[in-house]
Visitor: 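Pasting in a structure now, in structure tokens, and then I'll have a few things to ask.
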Amino acid sequence: MIRRYRYGDPVRTDAIREQVPLTDGAPSPFRAERTEQGVRLSLKLARGEIVYGLGESARGINKRGWVYESWNTDDPHISEARSSLYGSHNFFLLSGERTFGVFVDCGERVVFDVGYSERDELTVTGENFDLWILEGGGEREIVSQFRRLIGQSYIPPRWAFGYGQSRWGYQSEEDVRAVADAYREAGLPLDMIYLDIDYMDGFRDFTIDASRFPDFAAFVKEMKARGIRLVPIIDAAVKAEEGYSVYDEGVARGYFCKDGQGEPFVVGVWPGDSVLPDVLNPAARAWFGSGYKMLLDCGIEGFWNDMNEPATFYGRKRLDETLEKISALRGGDPLNVYRETAGSVDALKNNGEDYASFYHETEEGRIRHDRVHNLYGYYMTRAAAEYFAEYAPDRRYLLFSRSSYIGMHRYGGIWTGDNASRWRHILLNLQMLPSLNMCGFLFVGADLGGFGENTTEDLLLRWLALGVFVPLMRNHSALGTREQECYRFGSREAFRGILRLRYALIPYLYSEYVKCALRGEMLFRPLAFDYPEDARARGVEDQLLFGGSLMIAPVYEQNASGRYVYLPERMKPVRLRDGRLAEEEPLEKGDHFLTVPPEEVVFFLREGCALPLAKPAENLESTDLSDLDWICFSDGAVSYELCEDDGESRSGVGSGMRTVLVKGVRT
Ligand code: GLC
């Protein structure tokens, strides 16, 4: 059952695909009231009731005990103290004596206080939004209902499930070649090398620095012949510079966001003074999307969209005013000068007043940015996806974004932004997976090894041991941090084993992914979703069900010899050791300590289930998907639904479903 209520005058988001008439009256079980902060919905949380969801956000699988704010923010200091990250995904699910889903649909700021102010109270505060309440069935049914409402999740080409290496700082063809050579020489599988802003000419979108990439199309071809695809970054902001065709064209057509006086609003991003394409204006969106053509024409088949919260280092006007203010301080009390200066310089970044100072020309008219702030990354990514569909209608492209809102899950995936080489961030990566899946985002991943700060060999190994199961598997790091390509470390065999495991898992990962996308299901589920009657399972925060057959429980603490795992039923451990997968004796329901050195990976096969495995290979193209091995946990025959589509056409998605009957072995 679905109810929809309206508060204020929300701007259309295009998150929802189905028309549902508005409901009158009180939005039970919420109490709705008007406060100074806006419309406030509240309800009492029962003891033991779990709140799942909110997509990309800090803290655990159960969101109780913190306050979350939907306001897309570029801030690399990710920690449990944060309320806003790069994406806003306003769907949550209450689970306990009552089970229902809630979606707060709007592109402006919304605050979810989930037992922060009052431990047993949940409140939602916003100004203009549509409130959706979904009831009927258990957690999985409610999620599927929601997923039906928001439309089918993006399905990338199959090669996008390969392993990719990235780093901010690969400057030239030589740098990229060196990475490819080192991976191949070390016998480490690799499908993609990502290009960060370094490939551009002065950080200008849709340009290539010809001194460092003299024949880009030839280079793309050369790498592809070696089985490696290049995946360039595109930033949201466009350099404000006369003579740069993207800028000139956008200004001439009025396609950049404008200030109150009708002039393009100037902000600072990597290229310096820049302007923001008005991707909420359909004509401007189509125009920005067509910018990708020059890279597509060079043979590029995948992109990552960045800085699209949109991130602003400064608003140009505010920067000028701040400089004046600082110079006027000269000669004053030094401590005061320091405080005032530091404060006003800090306030330049992602400034809220700047976000309230420019406008979009939408189909609904002129709209101030802060009313649609959380939609910007979504619409930038939609610009790209809509253009790809024009460029090659039946082809799948790899596309993912840093900033997002529900609705964007139909157009691309996401990576979860600038994490750091910290152990806690492995756990955070795991905990976000089910909440992102609930909100439609299936093609997701975090920067493996950590983006900021210096990684260590054991951290990277442990993180990859989670990454092998996650659709977007990319090792990425920031300029100036310790280099973290897998070949830089001593445990060559261990890295090879883990990366090869990824390729062995592709038939399973891809099949489960496509099934979840087509059927509105979650690839990663909290244990309680499948074992609702199991009180212990309801409290597990560091294990997940992965597809229909597996459970994962990675080690995320430094120097831990292994970990406790809770099995909600009898399961069979499968262990990667010395480059080989071995089945272990089944373990009974309950708690078990498993010893897992950093060179090994352990996961669990559910009873009555099967796992297809490919023979390990050095990239996806050379992975033979027709010659599979199977691991089963059953006395009799088990059937498994394998997806064997062509992996690249849009029309072919799901056409290759085949049910395979596999013979179990008594264990
Ligand atoms: C942002 C991105 C990061 C990228 C960097 C330089 O911080 O999140 O992934 O490497 O910009 O482009």
Side-chain angles (χ1 to χ4, degrees), residues 156-157 159-160 162-180 190-239 244-246 269-271 274 277 288-308 311 377 380-381 383-385 387-388 391-392 395-403 411-415 417 443 445 447 451 472-479:
W159 58 263
Y163 168 70
Q165 179 64 55
S166 183
R167 180 170 172 85
W168 179 7
Y170 296 154
Q171 293 285 342
S172 61
E173 278 188 3
E174 288 71 47
D175 285 357
V176 175
R177 253 187 223 113
V179 173
L190 183 72
D191 257 279
M192 285 153 271
I193 297 180
Y194 288 82
L195 301 178
D196 207 318
I197 47 174
D198 320 274
Y199 81 90
M200 298 180 194
D201 175 12
F203 308 139
R204 292 172 190 87
D205 274 344
F206 312 127
T207 68
I208 290 155
D209 185 326
S211 66
R212 294 178 286 118
F213 293 87
D215 187 344
F216 192 67
F219 185 54
V220 173
K221 209 166 158 195
E222 170 196 322
M223 295 303 289
K224 197 164 169 200
R226 301 177 66 184
I228 295 172
R229 285 177 165 90
L230 299 180
V231 183
I233 193 170
I234 300 292
D235 280 347
V238 164
K239 186 172 173 105
Y244 163 40
S245 63
V246 180
V269 196
W270 301 121
S274 306
F288 187 75
S290 68
Y292 289 75
K293 180 174 192 303
M294 63 89 53
L295 289 154
L296 296 168
D297 285 347
C298 292
I300 292 294
E301 296 163 82
F303 297 88
W304 46 310
N305 282 347
D306 193 20
M307 307 303 276
N308 48 8
M380 176 196 176
T381 299
Y387 182 70
F388 301 163
Y391 185 84
R395 184 132 189 211
R396 289 185 237 165
Y397 286 89
L398 167 60
L399 178 63
F400 60 93
S401 171
R402 191 172 70 176
S403 186
Y411 300 98
I414 56 179
W415 95 99
F443 196 74
D447 290 349
F451 174 75
L472 169 59
M473 188 186 186
R474 181 177 78 142
N475 174 338
H476 180 49
S477 57
L479 195 68

Visitor: Can you list the steps and then say if F206 with F288 is a ring-ring contact (aromatic ring centres under 6.0 Å, His included)?
Guide: CA-CA 10 Å; F206 312 127; F288 187 75; 5.3 Å; yes
Visitor: Measure the spacing between CG of N305 and OG1 of T381 and express it to the nearest 0.5 Å.
Guide: 4.0 Å
Visitor: Report the relative orientation of the aromatic rings in Y292 and F388; use parallel for angles under 30°, tilted for 30 to 60°, perpendicular for over 60°.
Guide: perpendicular
Visitor: First locate atom CD of Q171, then atom CG of D209, and finally report the distance between them rounded to the nearest 0.5 Å.
Guide: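 Those atoms lie 9.0 Å apart.
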Visitor: What is the minimum heavy-atom distance between P277 and A237, and which atoms define it?
Guide: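 For P277 versus A237, the nearest heavy atoms are CD-CA, 4.5 Å.
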Visitor: Taking side-chain contact (heavy atoms from CB on, under 4.5 Å) as the criterion, tell me which of D306, I234, D235 meets it with M380.
Guide: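 Of the listed options, the one satisfying the test is I234.
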Visitor: Hey, does the side chain of K224 reach the backbone of R229 with a donor-acceptor pair shorter than 3.5 angstrom?
Guide: no
Visitor: Provide the closest heavy-atom pair for G202 versus P271 in the form atom of the first, atom of the second, distance.
Guide: O-CB, 3.7 Å
Visitor: Would you mind reporting whether I300 and F216 have side-chain heavy atoms less than 4.5 Å apart?
Guide: yes
Visitor: Given side chains that start at C-beta, do those of L190 and Q165 come closer than 4.5 Å, heavy atoms only?
Guide: yes
Visitor: Do the numbers put R474 on top of the ring of Y194, so that NZ or CZ is under 6.0 Å from the six-membered ring centre and no more than 45° off the axis?
Guide: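 Here R474 passes the 6.0 Å and 45° test against Y194.
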Visitor: Should the pair E301-R396 be classified as a salt bridge under the 4.0 Å nitrogen-to-oxygen rule?
Guide: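 The answer is no: the pair does not qualify as a salt bridge.
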Visitor: Side chains of N308 and R402: closer than 4.5 Å at any heavy-atom pair?
Guide: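 Touching, per the 4.5 Å side-chain cut-off.
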Visitor: Regarding E174 and R212, does a basic nitrogen lie under 4.0 Å from an acidic carboxylate oxygen?
Guide: no
Visitor: Got I208 and F219 here, is their nearest side-chain heavy-atom distance under 4.5 Å?
Guide: no
Visitor: Roughly how far, to the nearest 0.5 Å, is CZ of R177 from CE of M223?
Guide: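 Rounded to the nearest 0.5 Å, the CE-CZ separation comes out at 8.0 Å.
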Visitor: Looking at D196 and D198, would you say the former's side chain and the latter's main chain have a donor-acceptor pair under 3.5 Å?
Guide: no
Visitor: Starting from the C-alpha separation in whole Å, work towards a yes-or-no answer on side chain to side chain contact (heavy atoms under 4.5 Å, CB included) for M200 and I197.
Guide: CA-CA 6 Å; M200 298 180 194; I197 47 174; 4.2 Å; yes
Visitor: Considering all heavy atoms of both residues, which atom of P157 and which atom of L398 are nearest to each other, and what is their separation?
Guide: CD-N, 3.7 Å
Visitor: Run the side chain to side chain contact (heavy atoms under 4.5 Å, CB included) check on W270 and K239 step by step: do they pass?
Guide: CA-CA 9 Å; W270 301 121; K239 186 172 173 105; over 6 Å; no
Visitor: Mind checking whether Y387 and Y391 have parallel, tilted or perpendicular rings, split at 30° and 60°?
Guide: tilted
Visitor: Parallel, tilted or perpendicular: which fits the ring planes of W168 and F451, with parallel below 30° and perpendicular above 60°?
Guide: parallel
Visitor: Measure from the side-chain N and O atoms of R395 to the backbone N and O of A392, and report whether any donor-acceptor pair falls under 3.5 Å.
Guide: no
Visitor: Hey, what do you get for CG (N475) to OG (S477), rounding to the nearest 0.5 Å?
Guide: 6.5 Å
Visitor: Return the minimal non-hydrogen interatomic distance between D175 and G169, and the atom names on each side.
Guide: OD2-O, 3.8 Å
Visitor: Can you tell me how far CG of L399 sits from CD1 of I414, rounded to the nearest 0.5 angstrom?
Guide: 12.0 Å
Visitor: Name the orientation class of the two ring planes belonging to W304 and W415 (parallel below 30°, tilted from 30 to 60°, perpendicular beyond 60°).
Guide: perpendicular
Visitor: Can you name the closest pair of heavy atoms from E173 and P214 and give their distance?
Guide: OE2-CD, 3.5 Å
Visitor: Side-chain contact test, heavy atoms from C-beta onward, threshold under 4.5 Å: evaluate it for L195 versus V176 and give yes or no.
Guide: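 Yes - at least one pair of side-chain heavy atoms lies under 4.5 Å apart.
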Visitor: Would you name the heavy atoms of D205 and V238 that are closest together and state the gap between them?
Guide: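 Reported closest heavy-atom pair: OD2-CG2, 4.2 Å.
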Visitor: Nearest 0.5 Å, what's the OH-OG1 distance between Y244 and T207?
Guide: 6.0 Å
